[in-house]
Protein chains: 2
Amino acid sequence: MRIGELSARTGVSRRMLRYYEDQGLLVSSRSPSGQRHYEDAHVERVRLVQAFLAAGMSSGTIAEMVPCMAEPSRRGARRALAVMDHERARLSSAMDGLTAARSALDQLIEVNRTYLAEPHLAEPPDGTP
Amino acid sequence: MRIGELSARTGVSRRMLRYYEDQGLLVSSRSPSGQRHYEDAHVERVRLVQAFLAAGMSSGTIAEMVPCMAEPSRRGARRALAVMDHERARLSSAMDGLTAARSALDQLIEVNRTYLAEPHLAEPPDGTP
DNA sequence: CTTGCCCCTGACACCGATGTGAACGTTTAG
DNA sequence: CTAAACGTTCACATCGGTGTCAGGGGCAAG
């Protein structure tokens, strides 16, 4: 398929697909005239890239793992594995961070909700400038 | 304490502390001469802000919750609570995203590690440009 | 009083990263 | 042939973060 269809299937704009390729996050085969061609597998590949990006991985980091997504262990696999291990640890600690942030937020929410529920304050409208 | 000490205690530069205040992430009381003065509680407040920023909250979002950090439920508490609920959901789904990304990464790691462990490939040096 | 250290505001510039718009030329498909 | 789809490229925007410089004040020890 060409870029338009991949875009339609993934919901990612043509613009971004080219941008991803630019950053080395996606690889396409080109027709003689230069048009990008993709296979079905690329649909999932795009989703994977998006998941990784959403997880806060940098483009560069993902780019280093790309060879391993295409086919298992070509040149650079060792390096990629190192990156992946490192990144796995990063993800784990990011999860810890999120958990901590959410706990703090929960606490903040509870304190304030409790306080707001108390009867002793006479400012129910809350629109007092 | 003044800004220098807060900076020393939190590891956040004076520059950034002023910047945070600029963005509405931090509130200071001022001496008659305009110098910022903080209490011990602000040390933790700074850490909280950093945790929230690290959790991917925008400055604007955090700014809206700030009144609730200082003292429970002043004006704007209702709005802040709405923001907090919304943000809590965002954090939760971000955690889901991280979990999914990590799973995908684990799979990628395993496939490649397995492949790399196979005996049939004769490219151990891996340094072939 | 002077010296030295800390602080204030405001501005200008710059970074790296992600993401977009738009212009303009080429290729493909009906 | 024409229109839709594609290609490249340049510029711009946002966001968080930083360095730095200028010009002014606060405050305590010597």
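Chain letters run A, B, ... following the sequence lines, proteins first and then strands; every chain starts at 1.
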Y20(B) OH to dC15(D) C1': how many Å, rounded?
13 Å

Anything under 3.5 Å between a donor and an acceptor, one on a side chain of residues 59-70 of chain B, the other on a protein residue two or more places apart or in another chain? List them.
| unit_1 | atom_1 | unit_2 | atom_2 | d |
| --- | --- | --- | --- | --- |
| T61(B) | OG1 | S58(B) | OG | 2.9 |
| E64(B) | OE2 | R79(B) | NE | 3.0 |
| E64(B) | OE2 | R79(B) | NH2 | 2.7 |

Residues that S33(B) engages under side chain to side chain donor-acceptor pair (under 3.5 Å), provided they are two or more places apart
S31(B)

Which pairs, protein N/O on one side and nucleotides 7-9 of chain D N/O on the other, fall under 3.5 Å?
| unit_1 | atom_1 | unit_2 | atom_2 | d |
| --- | --- | --- | --- | --- |
| dG7(D) | OP1 | R36(A) | N | 2.6 |
| dG7(D) | OP1 | R36(A) | NH1 | 3.0 |
| dG7(D) | OP2 | R18(A) | NE | 2.9 |
| dG7(D) | OP2 | R18(A) | NH2 | 3.3 |
| dG7(D) | OP2 | R36(A) | NH1 | 3.3 |
| dG7(D) | O5' | R36(A) | NH1 | 3.3 |
| dT8(D) | OP1 | R30(A) | NH1 | 3.3 |
| dT8(D) | OP2 | R36(A) | NH1 | 3.1 |
| dT8(D) | OP2 | R36(A) | NH2 | 2.7 |

What residues 48-65 of chain A contributes to the DNA chain D interface at heavy-atom separation below 4.0 Å is none

So that I can tick it off, tell me whether R2(A) and E5(A) are bridged by a salt bridge, with the cut-off set at under 4.0 angstrom between side-chain N and carboxylate O.
no

For R47(A), which residues count as a salt bridge (Lys or Arg N to Asp or Glu O under 4.0 Å) partner, sequence neighbours excluded?
none

Any Lys/Arg nitrogen of R45(B) or E39(B) sitting under 4.0 Å from an Asp/Glu carboxylate oxygen of the other?
no

Euclidean distance, atom CG of residue L17(B) to atom C1' of dT9(C) [Å, nearest integer]:
16 Å

If a pair satisfies side chain to side chain donor-acceptor pair (under 3.5 Å) and one of its residues is in residues 95-110 of chain A, list it, with sequence neighbours excluded.
R102(A)-S92(B), D106(A)-R88(B)

For S13(B), give me all partners under side chain to side chain donor-acceptor pair (under 3.5 Å), at least two apart in sequence or on another chain.
none

Who are the salt bridge (Lys or Arg N to Asp or Glu O under 4.0 Å) partners of D85(B), not counting sequence neighbours?
R113(A)

Only counting residues at least two apart or in another chain, list the ones meeting side chain to side chain donor-acceptor pair (under 3.5 Å) with S93(A).
none

All salt bridge (Lys or Arg N to Asp or Glu O under 4.0 Å) counterparts of D40(B), not counting sequence neighbours
R9(B)

Among residues two or more places apart or on two chains, list those pairs meeting ring pair (Phe, Tyr, Trp, His ring centres under 6.0 Å) that have a residue in residues 14-40 of chain B.
Y38(B)-H42(B)

From CE of M1(B) over to C1' of dC7(C), roughly how many Å is that when rounded to an integer?
16 Å

Spacing of R14(A) atom CZ relative to dT26(C) atom P, expressed in whole Å
20 Å

What is the distance from CG of D22(B) to P of dC15(D), rounded to the nearest Å?
15 Å

Please report, rounded to the nearest Å, how far the C1' atom of dA13(D) is from the OH atom of Y19(A).
13 Å

Any side-chain N or O of R2(A) under 4.0 Å from OP1/OP2 of dT28(C)?
no

d(CD, E21(B); P, dG17(D)) in whole Å:
16 Å

Using a heavy-atom distance cut-off of less than 4.0 Å, which residues of residues 86-96 of chain B contact DNA chain C?
none

